[in-house]
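Let me begin by presenting the structure, written as structure tokens, before commenting on it.
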Amino acid sequence: MKPGYEASVDLELKKAPPLPCTKLLGRVMGVREPIQGATVKILDRDFKPLYHTNTDDAGRFSFINTLMPGEYEITAAAEGYKACRSRLISLMPMKTLFVTIRLSPDKIAGLGTLYGIARDEKNAPLPGVQVYVFSQSNIEFPKAVTVSNADGEYLVYGLKPGKYVIRAFLKGWIFPYGITADLDPGGIVCADLYLYMEPSARNGTVSGKVTHDGAEIPNAVTALYSVKDDAYTLIQVQEANDKGFYLFTGCKPGKYVVKAKLEGDYKTLCFDHDVE
């Protein structure tokens, strides 16, 4: 400011947000003993995570002047224990709430886990693969059976420490050898499984019925032609059965035409049949 100047400054005050004024204390317990190092988590009513802390050597935890008054979900988890169901709590201004959370022992704690992805020879995931886990000392009866999901993933848990053999089965595919895995207590082992398509599974079939005016024609002669560059090559001939049914097997991927003939009446039954 210069000498003799007058200044006018207007100030508008905004109400400050309320400060957290709640006190949440508690303890995480096992069957009889407090649990050290358990994680206690606070979520809002929509289960959006807000805060978390860990318990001390006496299983105690606290959130002091951390949370605004209101309703929250609280839950806890610890190694070797099952995660507990969340519970609804209500915090009041300037008041203390004490919460005891009890955790149950996890029955699979200390047991091993096998997991991996079933894949084909091109490294693509294979869904629906049956995965069998055998103890190396007894490969007649599996200890566990599961099926790979849509992404080819499988997981087997709750296995006692020891040596295991993993085998995989899928119709039309070959799993050439078993995979061995050595599980330590609480160990986790990744084992991807590679399967190879059987040569015969690559081939398809062409089948159908020979009919005339809606009636089945028994014993009609059927012929299968392969088609390449608009050229037909006869590759199989057979006689339909007494119901007019025919079946050509061992068809490699490609384009085919089927024709049928009976007493000089030559008819095309199917054309441009792709076998993949």
Side-chain angles (χ1 to χ4, degrees), residues 16-117 131 133 135 143-164 166 181-192:
L19 296 175
C21 55
T22 61
K23 184 181 291 186
L24 174 61
L25 306 177
R27 204 174 191 191
V28 179
M29 299 289 295
V31 178
R32 296 184 181 87
E33 71 291 338
I35 301 176
Q36 179 183 3
T39 298
V40 181
K41 197 169 187 68
I42 304 295
L43 310 97
D44 65 14
R45 290 296 304 273
D46 296 322
F47 289 90
K48 178 182 177 182
L50 299 176
Y51 301 97
H52 74 273
T53 189
N54 294 326
T55 58
D56 62 16
D57 55 1
R60 295 171 298 201
F61 67 89
S62 64
F63 295 90
I64 299 176
N65 294 332
T66 303
L67 298 164
M68 298 295 296
E71 292 186 333
Y72 299 91
E73 296 283 344
I74 184 170
T75 187
E79 184 177 354
Y81 294 85
K82 296 180 181 179
C84 70
R85 295 179 60 181
S86 66
R87 58 186 283 191
L88 183 67
I89 58 173
S90 181
L91 298 179
M92 304 296 292
M94 311 303 292
K95 290 187 177 180
T96 300
L97 176 66
F98 190 90
V99 176
T100 299
I101 302 175
R102 296 192 177 275
L103 300 181
S104 300
D106 189 350
K107 293 181 180 179
I108 67 172
L111 300 179
T113 301
L114 293 172
Y115 76 102
I117 300 177
V131 180
V133 178
S135 171
K143 292 291 185 181
V145 180
T146 189
V147 178
S148 63
N149 65 12
D151 297 318
E153 300 168 338
Y154 77 92
L155 184 145
V156 178
Y157 59 90
L159 296 170
K160 294 181 179 180
K163 298 182 182 295
Y164 291 89
I166 308 170
D182 194 353
L183 278 179
D184 296 326
I188 298 175
V189 174
C190 177
D192 288 347

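If you're wondering where the values come from, they're calculated on a predicted model, not measured in any experiment.
In this structure, CD on E79 lies 11.5 Å from CD1 on I35, to the nearest 0.5 angstrom. Going from atom CG of D192 over to atom OH of Y154 covers 7.0 Å, rounded to the nearest 0.5 Å. Taking CD1 from I42 and CD1 from I74, the interatomic distance works out to 4.0 Å, rounded to the nearest 0.5 Å. Here SG of C21 is found 10.5 Å from CG of L67. Values are rounded to the nearest 0.5 Å. Interatomic distance, T22 OG1 to K95 NZ, rounded to the nearest 0.5 Å: 13.0 Å. Between the CD1 atom of I101 and the OG1 atom of T75 there is a distance of 6.5 Å, given to the nearest 0.5 Å.
Contact record, S62 with T53: O-CG2, 4.3 Å, taken as the closest heavy-atom pair. Here the closest heavy-atom approach between residue A38 and residue V28 is recorded as CB-CG1, 3.9 Å. Across all non-hydrogen atoms, the minimal contact from Y81 to E33 is OH-OE2, 3.0 Å. The shortest non-hydrogen separation linking L88 to E71 is CD1-CB, 4.1 Å. Of all heavy-atom pairs spanning L103 and C84, the tightest one is CD2-CB, 3.6 Å. When all heavy atoms of M29 and P34 are compared, the closest pair comes out as SD-CA, 3.6 Å.
Heavy atoms of other residues, nucleotides or ligands lying less than 6.0 angstrom from NZ of K23 number 12 at most.
No side-chain heavy atom of L111 sits under 4.5 Å from any side-chain heavy atom of L159.
If you run side-chain contact (heavy atoms from CB on, under 4.5 Å) between L114 and each of V133, I188, T146, L155, only V133 comes through. Tested against F63 for a side-chain contact (heavy atoms from CB on, under 4.5 Å), the candidates V40, L97, L25 yield a single pass: V40.
A salt bridge between D56 and R60 is present, with a side-chain N of the basic residue lying under 4.0 Å from a carboxylate O of the acidic one. With respect to K163 and D182, a salt bridge is recorded, a charged nitrogen being found less than 4.0 Å from a carboxylate O.
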>> Go through it in stages, so that I can follow the logic: the residues are L24 and Y51, the test is side chain to side chain contact (heavy atoms under 4.5 Å, CB included), and I'd like the CA-CA distance, side-chain angles, deciding distance and then a yes or no.
In response: CA-CA 12 Å; L24 174 61; Y51 301 97; over 6 Å; no

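With D44 contributing its side chain and D46 its backbone, the two residues share a donor-acceptor pair below 3.5 Å.
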